[in-house]
**Q** 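Once you've had a glance at the structure underneath, I'll fire off some questions.
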Amino acid sequence: MTSTTVAPLVTARNVRKRFGDNEVLKGVDLTVAEGEVVVIMGPSGSGKSTLLRCLNYLEEIDSGSILVGGDLIGHRVEGDRIRRLPERAIAAQRRRIGMVFQQFNLFPHMTALGNIVEAPIGVNREPRRDAERYARELLDKVGLGDKVDAYPRRLSGGQQQRVAIARALAMRPELMLFDEPTSALDPELVGEVLNVMRDLAASGMTMVVVTHETAFAREVADRAVFLDGGVVVEEGTAHEVLTRPTQERTRAFLSRMT
Amino acid sequence: MTTTSTEQRGRPELDVAGAAPVRHPLRLLATVGVVVLAAMLGHMLVTNRNFQWDVVASWFTAETIMRGLGMTLMLTAIAMVIGVGLGILIAVARMSGNPLLSAVASGYIWLFRAIPELVQLLFWFNLAALLPRLSVGIPFGPEFASWNTNSLITPLMAAILGLGLLEAAYMAEIVRGGLLSVDHGQVEAAKALGMGSARSLRRIVLPQAMRFIVPPTGSQVIRMVKGTSLVSVIALADLLYSVQVVYNRTFETIPLLIVACGWYLILNSILFVVQGAIERYYSRGSVGGSRPSLRELFRSRRPRNTPGSAIGEGQP
Ligand SMILES: Nc1ncnc2c1ncn2[C@@H]1O[C@H](COP(=O)(O)OP(=O)(O)O)[C@@H](O)[C@H]1O
Ligand SMILES: [Mg+2]
């Protein structure tokens, strides 16, 4: 169990988000301590991706607040008023938050190395040599040291996702978001990606992971949040929620997963 | 071989390597027909004296023709640069989500595509009749500088405006089509890495859109090479106009038109090769246009049956 003596890295309060008439998040609270791994589970359409995308402002929230590392995401407090941040400032906030997508979203016109150094060089103005050295280090770490010059299309799904993780890590984020990182993979490729994530968790990275991999969640996550219909139905240590859920909806969902 | 399929299935020594290709009797017939027609055409070209090949040869690289060719090339280049540059801006404006920008862009495309090219050229050429003076200054306030429109809008300027601004309208739609063909996940990945929209457009979206933009743009360049011949109506000495000047004097109309045709064919052939090279450059990272099945594979939601991929290789 994680006792939060220091301020948590992520604090989301009463977050609401609607698409037209469809209210997808109906007042969600979420806190993530530094170094903590939180999994978000729940049925399809429950708002997991939306919640994750609100954390780095890929989706604008309608009400509530999200703080990451003490910064109000997407907004700035000016006296007693709150003002929306301009695009530049939002981009700057996103640099501290890495994101890994279900569909990898690697840049197909760039090699593995090119994908990884693009943002450090272009956005953070790192010297190319330093950025490339770190990129090679990261590729080694995800087990793809020999794929430096490979274009994404030449890589298997699992390899692409590992490059995508390295790409996000190259910005030296303080928080990593994973949206079903293994759901688009063939079963035999899931393990290699989960292994990389396991190592990352062990290195102390703060992670919020949307996943259906219950075994991974039980083993790696500190806490689990169960989302259904846009509300948090149950939350607790990953072990509690996944092995002894108290809510009927959680139980029903987990029994379908097996 | 006339053995039945069941019999064949049982024979392990069967090997399709070195199999004879499928026969195409109709294709052979068509080829013969085309060759005969080509021979007849060639015979006519050589024997018909009205072509006056000696006249064609003597004018083909004459200085006045070369100057006309230079004008055609320059107009094509300038109009295409304006067209591509302005076209990208208009396409981005149209897709910006800003209602004012989007409306202005749509209005531009609507207006310039509606009016015939020739009319636009004549309009720019005669702009002085509408606005005798052009000036720079504060709207409804003092002027800082002003020019006589007739001295500013030379035939060259009218041609550049007429061809370039219309081209921008067509290019905007081509660019927009290219941008729309790029998966939205690419923009999201760029955003999540902290890139601004300008950088994301320049580094991530446009390079991928180029694969869809280059082929129709190639057609536009070829269209433009020929389209510049319209400027002969405003007495600008392009290739066609230079040829006309000569045959109006010598009455060797057909041979001089053939000179022009020859140059248009040569330019077209060069552009064809250049376009191929550009397409190959922008398809880097893709497995290759000749193997669309692998391209589909990358886009598919669940990349199942990936026979060529190195499954599990380098597993940590
Ligand atoms: N951009 C969008 N526009 C409209 N509706 C959306 C959009 N994104 C998600 N939704 C809707 O929000 C709901 C939750 O989606 P999502 O967060 O993706 O769920 P999950 O990731 O839990 O499967 C779904 O009903 C989905 O249709
Ligand atoms: Mg989802």
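In what follows, every chain begins at residue 1, and chains take the letters A, B, ... in the order their sequences are listed. As the structure is a computational prediction, the values presented were derived from the model and not from experiment.
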**Q** Could you tell me which portion of B:Arg199 (side chain, backbone, both or neither) has an atom closer than 4.5 angstrom to a non-hydrogen atom of chain A?
**A** side chain
**Q** With chain A as the partner, which of B:Gly196, B:Ala190, B:Ser197 has the greatest number of non-hydrogen pairs under 4.5 Å?
**A**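 Most pairs with chain A among the choices: B:Ser197.
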**Q** Would you say A:Met110 and B:Pro207 make side-chain contact, with heavy atoms under 4.5 Å?
**A** no
**Q** Side chain of A:Arg95, backbone of B:Gly194: donor and acceptor closer than 3.5 Å?
**A** yes
**Q** Would you mind reporting whether A:Phe107 and B:Leu193 have side-chain heavy atoms less than 4.5 Å apart?
**A**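 Yes, at least one pair of side-chain atoms sits under 4.5 Å.
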**Q** Which heavy atom of B:Ala189 sits nearest to which heavy atom of A:Phe101, and what is that distance?
**A** CA-CE1, 3.7 Å
**Q** Decide side-chain contact (heavy atoms from CB on, under 4.5 Å) for B:Glu188 and A:Arg53; before the verdict, give the C-alpha distance in whole Å, the side-chain angles of both, and the deciding distance to 0.1 Å.
**A** CA-CA 10 Å; B:Glu188 302 229 303; A:Arg53 293 157 55 79; 2.5 Å; yes
**Q** I'd like to know which of A:Met99, A:Arg167, A:Arg96, A:Gln93 tops the heavy-atom pair count under 4.5 Å against chain B.
**A** A:Arg167
**Q** Applying side-chain contact (heavy atoms from CB on, under 4.5 Å) to A:Glu118 and B:Met195, what does each step give before you reach the verdict?
**A** CA-CA 10 Å; A:Glu118 178 59 29; B:Met195 290 188 209; 3.5 Å; yes
**Q** Can you tell me if A:Asn105 uses its side chain to pair, donor with acceptor, with the backbone of B:Gln186 under 3.5 Å?
**A**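 Between the backbone of B:Gln186 and the side chain of A:Asn105 there is no qualifying donor-acceptor contact (under 3.5 Å).
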**Q** Within the side chain of A:His109, is there an N or O that forms a donor-acceptor pair under 3.5 Å with the backbone of B:Arg203?
**A**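 The answer is yes, because a donor-acceptor pair under 3.5 Å joins these two groups.
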